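Just below is one structure, and these are the notes that go with it.
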Amino acid sequence: MKTLFSKYTFLLILAATAFSCSDNEVPFDPTVDLIKIDEGFAIGAATKVEVWASQDLMAGYNNIFIALYDSVGGSRITKAKIDFYPEMSMMGGVQHGCPVEEPAEEAVNQLFPGAITFTMPSGDMGSWKLKIEVQNQVNNKKGSTTFSISIANPTAACVKSFVTAANEKIFVTYNFPKKMKVGINDLDVIVYRMINMYEFAYEENYSFVLTPEMPSMGHGSPNNVNPTHASKGHYKGKVNFTMTGDWRLNLNISEGEAVVKDLYFDVEVE
Amino acid sequence: MRLICSLLVFVVVGVRAQSVDTLRTLYLSEVVVNSTIQEGDTLQNFFRANKSATTEDILSRLQGVYLIRRGNYGQEPMLRGMTGGQINLTIDGMKMFGACTDKMDPVSIYIEPQNLKSIQAVLGSDGSRLGTTVGGSVDMQLAQPFLSSQPVTGRVGVGYQSAWNGFNTYANVNYSQHKSAYNLSLNYRKADDYRAGGGEVIPYSQYEKMNLSAGGKWSMGKDTLLASALVDDGWNIGFPALPMDVGSAKARIYSLGYNRYRAHETVQNLNAKIYYNSVFHSMDDTQRENVEMHMDMPGTSTTGGGFVEGNFHPAGKHTLSFRTDYYHNQVLAEMTMYPEGASSMYMQTWPASGRSVTGIYLNDVYKINRSTQVTVNGRIDWAVTTLQEGFGMDQLQVFYPNVQSAYQQITSTVNGKVKQLIRSNWIAEVHVGYGERLPTLSENFGFYLFNRYDGFDYIGQPDLVPEKNWSTDLTLSYFSDQVQLTATGFYNYLPDYIFSRIHPELSVMTPGANGVKIYENIPSATLVGGEASVLANFSKNLQFITALKYTHGQDFEGTPLPLIPPLTSNTTLRYSIKNFNIQLENEIASSQQNVSPSYGEDETVGYSIFNLRSGYKINWNRKQLYVNAGIENMFDKNYHNHLDWGNLPRPGRNINVTIEFVF
């Protein structure tokens, strides 16, 4: 009995050791913590296209990650030029695009990170399609695939628009590079200027005053850093949350001496 | 407040028995507090007989000791204007820290007089045996089981207080065998809202609590083992001076002790103990009306540690005693607010944080000759304060981006005392000392702690340096058979005094708060004052005791410090004959005009109140029945002391009766 017991114990330990060894050899999964939105084949480029995102796509700034595979061999492709062509078809027949940030041609952690700012949700108003064009740098072939995507309407608006005195339409959105938490948070505010229904430019000349507050309590937080322009319409700042709950990020936008707009985003800190 | 008559006799006898070489003894109106460990039957008897009093009532009578009141419960001890982290408040030498961010639970509330053997109060840096300190120490020594020829002894009692319709019921039993003894005590108190002088009922001043303690003692020749457990549960405790009450306050105290006494060994009296205690405290606003936003505020504080102490065999004219100890305290206080129609809000008002302190204390008594004695003592503490990474640390980074997860500090205390007999009846004693104290975890890491007194939210400061105190005391005493006079003057200069400053640029968290303050070291503060007492035996049956205490405090700019007690006097005239005694007491507090308006203080007028107490003892078959009756605040005066929060009036006329049976 005793021998049997020690034998099994030994086997158990062996198994555990083997398991822990193999554990260490699990290949790095770049899509951990991401969700897959859709996949398809870019006909002509012999490439399988997977669309991943950090959360369900919604009206606002979405971090998008593209995974490419050779559609024959299945191996990953890490060099490609990718273009996003989102398009909203509205019920009344109007069609328009939205601002995008195309990925670099070199993959990061085997994925191509980019971003799309959907300016409205899909639903009764209309539907979104996303065409992705791939220039495969391995076989030097080009092709595209189109996805029908569903864009959720978040509880609090994540993208806001207004028209300037110069009659230009501006979209303002935000992105937390890391999950919001109590404490110090990096905050990106991203601003686009609409050129036409499908073209958007980075707005780089704004300045911001950031004032977070808790509307239910009427208090703010100290030592926030106003977002300032870093590159490509991204303004980087820091926002401090002193407790969990509903916060409002008040942004006073100006250009030079001129006040442009006051707006806010409501966020929930968990 | 409540004097116990039957025991005054013992005190007076104790006073007379003082010999010249007894260490500095402070005379309280009716209690003797000694700076050395003394198995004082006098004290023991006094406290046991103090039938209706709470531990705080006893504390408030001690010389140099004051109480900060926030209601009828949970009063905070203060020594000569110093409180909180400035003093050591210990239980049987064990460190214990309250779990309430609003200081509703100084650990003295978890001890009932039934649990107490004595209270040892040492004022100023001289009180560093239990930790480096600037303000002194109060050690509440717990009653132990005792070996007795009678196997079963004990007492049961019940008391009633009219001003708050309060009942106090208690029982304790000691069971003794040849070499072991066990005790068990139970105490239950319930109080309704109290009635202030003139008839106004103070809402939210009720409380209810239960205290259970058990102990065992096993004697093996010169070695003794001790084990004790104490459970104290309070609930529905109202704090009329605060915006919230206490839903539940639970304390658990466990210890294992070892004692060895051998007169001829190098270490004569060795005492060692390991202990663990925990406090869970939960604030509650569900009973209050017009609450803007409901909130939950639970807090926990756990402390574990141990110590070894003893004294060496006297070498020549020197007697050296030592103590070395370690403790770790860990706290967490949380706040969750529930706004209507929005997400709940959570923060840690005390981020998860802890502190470990290791210290060593040495005390040498050098008897130069029959009339001169020099005492030198010192202590050094090594403290490691830790802030747990995660939520609480992230929070504090908003104010202190470089906040560390660990801080080390070394604090020390040094004291010198000379005691000189002048002629045969006079004793002069001079004390010069230097002490340091650590900032409390609240002062280091507190996060939007709302202080109802000044209406400010307080934020900690992780980089505070220890507060220091350069102090000197001079005491003169005169003894004769009929009279004893004592007068003490003290002066404390406190560099790096820990205070707070308003930061107008910060927005308040608590709705309606006046602003935000952050703790900081100010250049210095000064506390000066004194105590005086007169004890007189007019005849065998008639005794008179009066005691005065005074403190003045100001910061480096001459601005008065907040919460400084006014001049206070307590006077007792007592007549006793056979089994009966009666005494008249008077308590006077002057007005306080040295106030700190920035702390929300206003001037307080003085008052004078009278109490009458009496006691009767019936002997019956070698057992005793004690009946005590009294009237506190006889003339139903509406008054409050400067240390009472929110200018809340104290209880009005209170008729109390206690019946106790001793077997």
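Chain letters run A, B, ... following the sequence lines, proteins first, then strands; residues in each count from 1. Quick caveat, the model's predicted, so the values are computed rather than measured.
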Best-contacting candidate, A:E268, A:M217, A:M214, against chain B by heavy atom pairs under 4.5 angstrom: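 The option with the most such pairs is A:M217.
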Chain B interface, residue from A:N240, A:N185, A:V269 that has the most non-hydrogen pairs under 4.5 Å: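 Of A:N240, A:N185, A:V269, A:N240 has the most heavy-atom pairs under 4.5 Å with chain B.
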Region of [X] in contact with chain A, defined by heavy-atom distances below 4.5 Å:
X      : answer
B:V508 : backbone
B:M393 : neither
B:F399 : both
B:M335 : neither

Between B:G341, B:P511, B:S344, the one whose heavy-atom pairs under 4.5 Å with chain A are most numerous: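 Result: the option with the highest number of such pairs is B:S344.
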How are the rings of [X] and [Y] set relative to one another: parallel (under 30°), tilted (30 to 60°) or perpendicular (over 60°)?
X      : Y      : value
A:H234 : A:Y61  : perpendicular
A:Y174 : A:F265 : tilted
A:H219 : A:W247 : perpendicular
B:F445 : B:Y407 : tilted

Residue pair B:D296 / B:T336, side-chain donor-acceptor N/O under 3.5 Å: no
Polar side chain donor-acceptor pair, A:N63 to A:N175, under 3.5 angstrom: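 Distance-only check passes for A:N63 and A:N175.
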